[in-house]
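I have placed the structure first, in the form of structure tokens, so that the comments after it can refer back to it.
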Amino acid sequence: MAALRSSVRLFRKSAYALLNRSKNLAVHNPGKWKNILCTGVASLALGGGLCAVPIKQQIENLSHDSLIKRAASLVTDSSNTFLFQTTLALIDAITEYSKAVHTLIALQKRYLDSLGKVTPAEEDLIWQVIIGQRAQVNDRQEECKHFELNWVTAVKLCETAAEAAYTSGAEHASITMRTNIQLAQTQVDEAQKLSLNTDKKLTETKVMEVERMAQYAKSMENNEEEMPEAYLRED
């Protein structure tokens, strides 16, 4: 309490001296009044801060170890942001790819069901839609590869940042970083499993398409062979 009263008395004396000096300068040189006032207030604020914060704590906060620890924490923060953005982009890309594949599967099944039931013009139209959807699937697949590369880079960066934080003494930042890495890997693994299941269904649809097309071609050949016999019987 005595130290606090002493600091208050010191503050009042300094402020009184500053104001008296400023009054004289304000009359003769108004330009210096502003500079002196700013400098004086800053000095008083610094003095008050030094009285409020222990000197030992100030020295500790400015030590090399403390500054390195803070820098390592900043690195983990920015790495976390990078990891979050790349994870979100990759999951969205995988989701859009899966949607495109499911649409392609539906179109191919519709085409197979329509064999022999539609006109050649309608069949060509369906094929044009299927070709366009296949191109979209390829585009979505390339997008997945692009974002996956960014995501792998982010994971490696985060692992390095976590190691740096641990060695610098920022254990909490290191633990948080590794937890976020595991969470991102789990989310991406789940999305990739869904994508693999979608690819499996697409492969099954392609096999079915080959079999159905072969059966359709064979039936068309049989019909062509039976047609002359029918004409002969009519003759």
Side-chain angles (χ1 to χ4, degrees), residues 75-163 174-224:
V75 171
T76 57
D77 289 342
S78 59
S79 299
N80 270 322
T81 302
F82 186 33
L83 179 63
F84 171 78
Q85 293 296 336
T86 54
T87 302
L88 181 62
L90 178 57
I91 292 176
D92 285 346
I94 293 174
T95 302
E96 292 300 320
Y97 169 74
S98 298
K99 290 180 180 179
V101 172
H102 280 297
T103 302
L104 178 59
I105 292 174
L107 289 172
Q108 289 179 335
K109 288 183 177 180
R110 180 182 177 185
Y111 170 73
L112 295 176
D113 292 338
S114 67
L115 286 175
K117 302 176 184 179
V118 296
T119 63
E122 291 174 338
E123 185 177 346
D124 290 340
L125 181 61
I126 295 175
W127 260 113
Q128 291 299 323
V129 176
I130 290 176
I131 292 173
Q133 188 62 30
R134 284 177 177 173
Q136 187 173 358
V137 168
N138 291 333
D139 292 341
R140 294 290 179 265
Q141 192 173 30
E142 291 299 322
E143 192 176 53
C144 288
K145 293 179 181 179
H146 168 69
F147 286 120
E148 185 177 7
L149 181 62
N150 289 335
W151 180 77
V152 170
T153 302
V155 171
K156 292 180 180 179
L157 177 63
C158 289
E159 289 174 347
T160 304
E163 184 65 24
S174 177
I175 294 173
T176 302
M177 183 80 269
R178 295 189 184 281
T179 302
N180 291 337
I181 292 173
Q182 293 177 356
L183 179 61
Q185 289 175 334
T186 301
Q187 292 175 341
V188 171
D189 288 343
E190 292 177 356
Q192 288 177 337
K193 286 179 181 178
L194 295 176
S195 178
L196 290 175
N197 292 332
T198 303
D199 290 338
K200 183 179 179 180
K201 292 180 180 179
L202 179 60
T203 302
E204 293 173 353
T205 304
K206 289 181 179 179
V207 173
M208 182 175 64
E209 179 182 358
V210 172
E211 293 176 352
R212 291 284 296 274
M213 291 297 295
Q215 293 174 359
Y216 179 71
K218 187 176 181 180
S219 64
M220 292 296 293
E221 291 177 359
N222 293 336
N223 291 336
E224 291 177 357

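FYI, the numbering just counts along the sequence from 1. Only this structure's heavy atoms are used, side chains among them; waters, hydrogens and symmetry mates stay out.
Of the candidates Ile94, Thr86, Leu88, Ile94 is the only one forming a side chain to side chain contact (heavy atoms under 4.5 Å, CB included) with Leu90. Under the side chain to side chain contact (heavy atoms under 4.5 Å, CB included) rule, Tyr97 has a single partner from Asp199, Asp139, Leu194, which is Asp199.
Closest non-hydrogen pair, Ser195 versus Ser98, comes out as CA-OG, 3.9 Å. Nearest heavy-atom pair across Ala161 and Ser79 is CB-OG, 3.6 Å. Heavy-atom minimum distance, Ala93 versus Cys144: O-SG, 3.3 Å. For the pair Thr198 and Ile105, the tightest heavy-atom approach, listed with the atom from each and the gap, is O-CD1, 4.2 Å.
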Pair Glu142, Lys145 - check salt bridge (Lys or Arg N to Asp or Glu O under 4.0 Å), show working. CA-CA 5 Å; Glu142 291 299 322; Lys145 293 179 181 179; 3.8 Å; yes
Decide side chain to side chain contact (heavy atoms under 4.5 Å, CB included) for Cys158 and Asn180; before the verdict, give the C-alpha distance in whole Å, the side-chain angles of both, and the deciding distance to 0.1 Å. CA-CA 9 Å; Cys158 289; Asn180 291 337; over 6 Å; no
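Rounding to the nearest 0.5 angstrom, the gap separating the CG atom in Leu196 from the CG atom in Asp189 is 10.0 Å. Separating the CD1 atom in Ile131 from the CD atom in Gln128 is a distance of 5.0 Å, to the nearest 0.5 Å. Summarising the geometry, atom CZ belonging to Arg134 is positioned 14.0 Å from atom CD belonging to Gln136; distances are rounded to the nearest 0.5 Å. To the nearest 0.5 Å, atoms CD1 (Ile126) and CG (Leu112) are separated by 10.0 Å. Going from atom CG of Leu202 over to atom CD of Gln108 covers 6.0 Å, rounded to the nearest 0.5 Å. The line from CD1 of Ile181 to OG1 of Thr186 is 11.5 Å long, rounded to the nearest 0.5 Å.
Within the 4.5 Å cutoff, the side chain of Met208 has heavy atoms near those of the Lys109 side chain. Side chains of Val101 and Gln141 form no contact here, defined as non-hydrogen atoms less than 4.5 Å apart. Using a 4.5 Å heavy-atom threshold, the side chains of Thr87 and Val188 count as touching.
Using a 4.0 Å cut-off between charged nitrogen and carboxylate oxygen, Arg178 and Glu163 count as a salt-bridge pair. Glu204 has no carboxylate O lying under 4.0 Å from a charged side-chain N of Lys201, or vice versa, which leaves the two without a salt bridge.
Panel note: side chain Thr81, backbone Asp77; a donor-acceptor pair is recorded below 3.5 Å.
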